[in-house]
Amino acid sequence: MEQTQDTIKMKGQATGKAALTYLQYVAQAVGAAMLALFQGAGRLFVFMGQSVVHIFLPPFFPRLVLRQLIDIGYYSLPVVGMTTLFTGMVLALQSYTGFSRFNAESAVAGVVVLSMARELAPVLAGLMVAGRVGASIAAEIATMRVTEQIDALSTLSVNPFKYLIAPRVLAGTLMLPILVLVGDIIGVFGGYVVSIYNLGFSPGRYLSQTWEILEVIDVTSGLVKAAVFGFIVALMGCYHGFNSQRGAQGVGAATTNAVVSSSILILILNYILTQVFFS
Amino acid sequence: MSETAKLQLSGVVKSFGSKKVLQGIDLSIPKGKSLVVIGGSGTGKSVMLKCALGLIHADSGSIMVDGQETMGLDSKGRTAVMQKFGMLFQGGALFDSLKVWENVAFGLIHGRGMDKRDAYSIVLEKLKSVGLAESVAELYPAELSGGMQKRVGLARAIATNPEIIFFDEPTTGLDPIMADVINDLIVNSTKELGATTLSITHDMASARKIADFVAMIYEGKIIWTGPVDDLDHCGNPYVDQFIHGRASGPITFGAAA
Ligand SMILES: Nc1ncnc2c1ncn2[C@@H]1O[C@H](COP(=O)(O)OP(=O)(O)O)[C@@H](O)[C@H]1O
Ligand SMILES: [Mg+2]
């Protein structure tokens, strides 16, 4: 009798101990993951701080900034233009099929312009630029890291943050709002074309309906979003490129990480900014 | 070696994660002399140079330049010290978006604030001293052969007339004749500048040609150092095995990897 009680007690202790080690194991794993997360976030914030500081501290490299402005802004125009054009067109088409059921066709112009200016132009432009520019920034800087060109910059007394990173982050932040403004116009134009030539709207009515509903905040909120997204895309490209692991594999991973992380950040920040602006 | 060394490393330690690469490096180079560090692949030679330059932060130890501690310098102090250094990287590390002359002029224009025209004439002079024609100046690095890229790298390293120059495997990947040409260029150009040099190689012909002193790195430590003339009768079995390139001896692949 006593013996069985003892064994039960021992068994209880054993399971208790097992549960405890299991808990300990889980706690350690979670702790390590949290620690890695915080460390990563901390490193990113330090990197961000340095990038921003070097935008404002001399010496400056105006020629490099100009080149990035052209690279990021001008060469992204076709991609952003195509995306917003077809999005504006499809918006008109879809909202028409919906609204015509309620005899509310007059809302089409408003839906097109508000969706474009507030959400779609900034987000789509941000994502397209993340794919086009973010990837190429990450690949270029990672290659420079892997081939020791970044080390070479330092030995020649040039700060890589000033020479490589500040111009890209500055150009990204400045150019995306311009791209989005152009995208807004092209998107509205796309909706206009479909409405006039496909859905039989009258041009004058469509345009007046567009202007009637549009307010300044709709456009400015989109442009602020665009600036934030441009900053994020360039920053993440630089960050992942700069911290690339060695070898060709490192460059590939840096590129992927730059695109994925900036795309996700764009979507999250878009939600947060919408909340800030419109609630 | 009684006066203060130009460059002195003591007890420099560096690990990557659990991997101990440098385990207490002690080195000292007198002013105007040339030290060559020999050692197998992956023994941490490049890491040692980068620690000395502050490109990689050593975990502990001391790195003195002209008797001044450089460990833990802030970025301003680091930039000032960096002006004393020139470096030829293992892979050349030429900026491939810039022309040859812009590469060579880079430190002069951006590091020293020299104007372009003045820098260009120095570039031509330096290109000439590494045996390259003026026409090369307008080419891009990708248009050059490996040997020519090394020469451009060398020209860039000496363009600012640095007091201390590092050479990371300057002859690796070159044919023996080109390797010898590069060795001569290194010897001549550094003698001309009166520079102190630290070179890394596993090419013994190159080491004998460049070195005043030789040191051998093994398992993260300097296990032997002495004048180049003592190299052949140093009595150190590790050095002996290395300079004769024998597969058998105290150095094993497990340890070298
Ligand atoms: N940035 C780094 N991160 C992790 N490991 C590194 C890094 N740099 C060098 N190592 C490791 O340190 C060791 C020494 O490398 P290195 O100094 O390049 O060797 P070598 O003597 O051939 O120049 C290698 O095993 C390498 O994998
Ligand atoms: Mg090396």
Side-chain angles (χ1 to χ4, degrees), chain A residues 32 35-36 39 43 46-47 49-54 56-68 70-71 136-137 139-168 241-248 250-251, chain B residues 16-17 42 46-47 49-56 74-98 102-114 116 119 141-142 149 152-153 156-160 162 164-169:
Chain A
L35 216 62
Q39 249 173 10
R43 280 228 316 260
V46 170
F47 188 90
Q50 271 184 300
S51 312
V52 173
V53 163
H54 284 290
F56 296 105
L57 284 184
F60 303 114
F61 293 96
R63 284 167 60 102
L64 294 179
V65 175
L66 187 68
R67 207 168 105 192
Q68 292 304 323
I70 293 170
D71 240 28
S136 86
I137 289 178
E140 186 181 2
I141 294 185
T143 306
M144 292 187 73
R145 162 66 72 202
V146 169
T147 56
E148 299 181 308
Q149 290 179 51
I150 293 181
D151 289 337
L153 278 178
S154 303
T155 60
L156 295 166
S157 300
V158 171
N159 188 328
F161 272 90
K162 278 200 199 313
Y163 189 80
L164 290 177
I165 295 175
R168 286 169 171 78
F242 203 77
N243 292 303
S244 167
Q245 299 298 306
R246 305 187 308 161
V251 178
Chain B
F16 292 105
S46 298
V47 171
L49 284 194
K50 286 178 188 172
C51 285
L53 286 169
L55 297 173
I56 295 178
D74 60 359
S75 72
K76 211 168 174 183
R78 170 60 60 193
T79 311
V81 171
M82 214 52 127
Q83 304 252 332
K84 297 184 179 178
F85 286 96
M87 165 129 183
L88 175 59
F89 285 88
Q90 194 167 343
L94 298 177
F95 305 124
D96 38 32
S97 59
L98 301 180
E102 291 170 312
N103 265 281
V104 178
F106 199 90
L108 295 168
I109 294 173
H110 299 301
R112 305 281 164 97
M114 188 182 281
K116 275 196 177 164
Q149 288 184 0
V152 175
R156 186 175 72 179
I158 61 175
T160 54
I164 307 169
I165 313 177
F166 289 176
F167 299 99
D168 193 351
E169 307 203 8

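Fair warning: this is a prediction, and the values are worked out from it, not measured in the lab. We use all heavy atoms of the structure for the numbers below, so side chains are in, but hydrogens, waters and symmetry mates are not. Here is the naming used below: chain letters follow the sequence lines, and residue numbers restart at 1 for every chain.
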Drop me the distance from [X]'s [atom1] to [Y]'s [atom2], to the nearest 0.5 angstrom.
X: D96(B); Y: T147(A); atom1: CG; atom2: OG1; value: 6.5 Å
X: H110(B); Y: K162(A); atom1: NE2; atom2: NZ; value: 13.5 Å
X: Q50(A); Y: S75(B); atom1: CD; atom2: OG; value: 8.0 Å

With side chains defined as the heavy atoms from C-beta onward, is the minimum distance between [X] and [Y] less than 4.5 Å?
X: T155(A); Y: F89(B); answer: yes
X: S97(B); Y: R67(A); answer: yes
X: L153(A); Y: F106(B); answer: yes

Interchain contact, [X] with chain A, by part (heavy-atom threshold 4.5 Å):
X: T160(B); result: neither
X: F95(B); result: both
X: I56(B); result: neither
X: L98(B); result: side chain

| request: Only counting residues at least two apart or in another chain, list the ones meeting side-chain contact (heavy atoms from CB on, under 4.5 Å) with F56(A). | output: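 F56(A): side-chain contact (heavy atoms from CB on, under 4.5 Å) contacts with V52(A).
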| remark: Shortest non-hydrogen pair, Q149(A) vs A93(B), comes out as CG-O, 3.8 Å
| Between E148(A) and K50(B), what is the shortest heavy-atom contact and its length? | OE2-NZ, 2.7 Å
| query | What residues, two or more places apart in sequence or in another chain, satisfy side-chain hydrogen bond (donor to acceptor under 3.5 Å, both in side chains) together with E140(A)? | reply |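 Expected list: R168(A).
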| query | If you count heavy-atom pairs under 4.5 Å with chain B, which of T143(A), I150(A), L156(A) comes out on top? | reply |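 When all of T143(A), I150(A), L156(A) are compared, L156(A) has the most.
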| Per-residue contact mode, S154(A) against chain B (heavy atom under 4.5 angstrom) | both
